Amino acid sequence: MRPRRSGPWIGALACLAALPCAGAPAQPAPGPAAPVPAPAPPEASPAPAPGGFPAVPVTPYFRVVPMNEARAIGFFTSLFPDCSVQGPVVARLVEGPKHGSVRFSVEASFPRYTPGSALAACNARKVEGLKMTFEAAENYEGLDAYRVLIIYPDGGATHLDVRVSIR
């Protein structure tokens, strides 16, 4: 029997907390001498989408990839506190890149939850998830962008506005 979650959004929130670090090294927490930024003002709730459902939130996602090389730029998973997988994460390419291609594959990899996350201990083990790979057109150097809808096993979702710098 799977452990009971403390709330319906714990898996999605934990994954969203990991998104900024999903394809990059974890950022260290600021030390005691670092200034603490003021909290951001609360955002207005998204306008309802057609049919009365709230709009899916949009998350900015920035990556740099080398020219002429396919590169894994994201790994998405949804875990229980014991690091077992809640279920499959699904991706839908909403708007494709103009200067490259994106592919998704189900693979085992290491998640990258932030050090303060309740799921940070899961970073030490491979888990099943969805890997996002970007490859620019041959010899293309510059910027590209695309949008992906990520759907988590508990029904949570986010649109990723992916911006890629190809160098």
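Positions are given from 1 along the sequence. Predicted model, so just to flag it, every value in this text is computed and none were measured.
Closest heavy-atom contact between L130 and V89: CD2-O, 3.6 Å. Closest of all the heavy-atom pairs between P153 and S78 is CD-CB, 3.6 Å. In this structure, L119 and P81 approach most closely via the heavy-atom pair CD2-CA, 3.7 Å. Residues T158 and P57 share a closest heavy-atom pair of OG1-O, 3.2 Å. Among all heavy-atom pairs drawn from I150 and A91, the shortest one is CD1-CB, 3.9 Å. The shortest heavy-atom contact between M132 and V148 is SD-CG2, 4.2 Å.
The CZ atom of R92 sits 5.5 Å away from the CD1 atom of I151 when rounded to the nearest 0.5 Å. Summarising the geometry, atom CD belonging to E135 is positioned 9.0 Å from atom CD belonging to E69; distances are rounded to the nearest 0.5 Å. Atom CG in D82 sits 8.0 Å away from atom CZ in F80 (nearest 0.5 Å). How far OH of Y146 is from CD of E95: 12.0 Å, rounded to the nearest 0.5 Å. Rounded to the nearest 0.5 Å, atoms CZ (R167) and CE (M67) are 12.5 Å apart. Within the model, atoms OG1 of T133 and CZ of R71 stand 10.5 Å from one another, a figure rounded to the nearest 0.5 Å.
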Test side-chain contact (heavy atoms from CB on, under 4.5 Å) on H99 and I166; report intermediate values, then the result.
CA-CA 10 Å; H99 305 286; I166 300 104; 5.5 Å; no

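Within the structure, disulfide (SG to SG under 2.5 Å) contacts touching residues 123-167 (residues at least two apart or in different chains) do not occur.
Formation of a donor-acceptor pair under 3.5 Å by the S165 side chain with backbone atoms of L143 is not found in this model. With Y113 contributing its side chain and G116 its backbone, the two residues share no donor-acceptor pair below 3.5 Å. A donor-acceptor pair under 3.5 Å is formed between the side chain of N68 and the backbone N or O of N139.
Not counting sequence neighbours, the partners of R147 by the salt bridge (Lys or Arg N to Asp or Glu O under 4.0 Å) test are D161.
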Sequence neighbours excluded and cut-off under 3.5 Å, please list the side-chain donor-acceptor pairs for residues 100-107, or say none.
{"unit_1": "S105", "atom_1": "OG", "unit_2": "E107", "atom_2": "OE2", "d": "2.9"}
{"unit_1": "E107", "atom_1": "OE1", "unit_2": "K131", "atom_2": "NZ", "d": "3.2"}
{"unit_1": "E107", "atom_1": "OE2", "unit_2": "K131", "atom_2": "NZ", "d": "3.3"}

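V56 and V94 end up in the same hydrophobic cluster when Ile, Leu, Val, Met, Phe, Trp and Tyr side chains are linked at under 4.5 Å.
Residues H159 and T59 have side chains not in contact (no heavy-atom distance under 4.5 Å, counting atoms from C-beta outward). In this structure the side chain of V64 never reaches within 4.5 angstrom of the side chain of V164, judged on heavy atoms.
Using the six-membered ring where Trp is involved, Y61 and F76 have ring planes that are tilted, between 30° and 60° apart.
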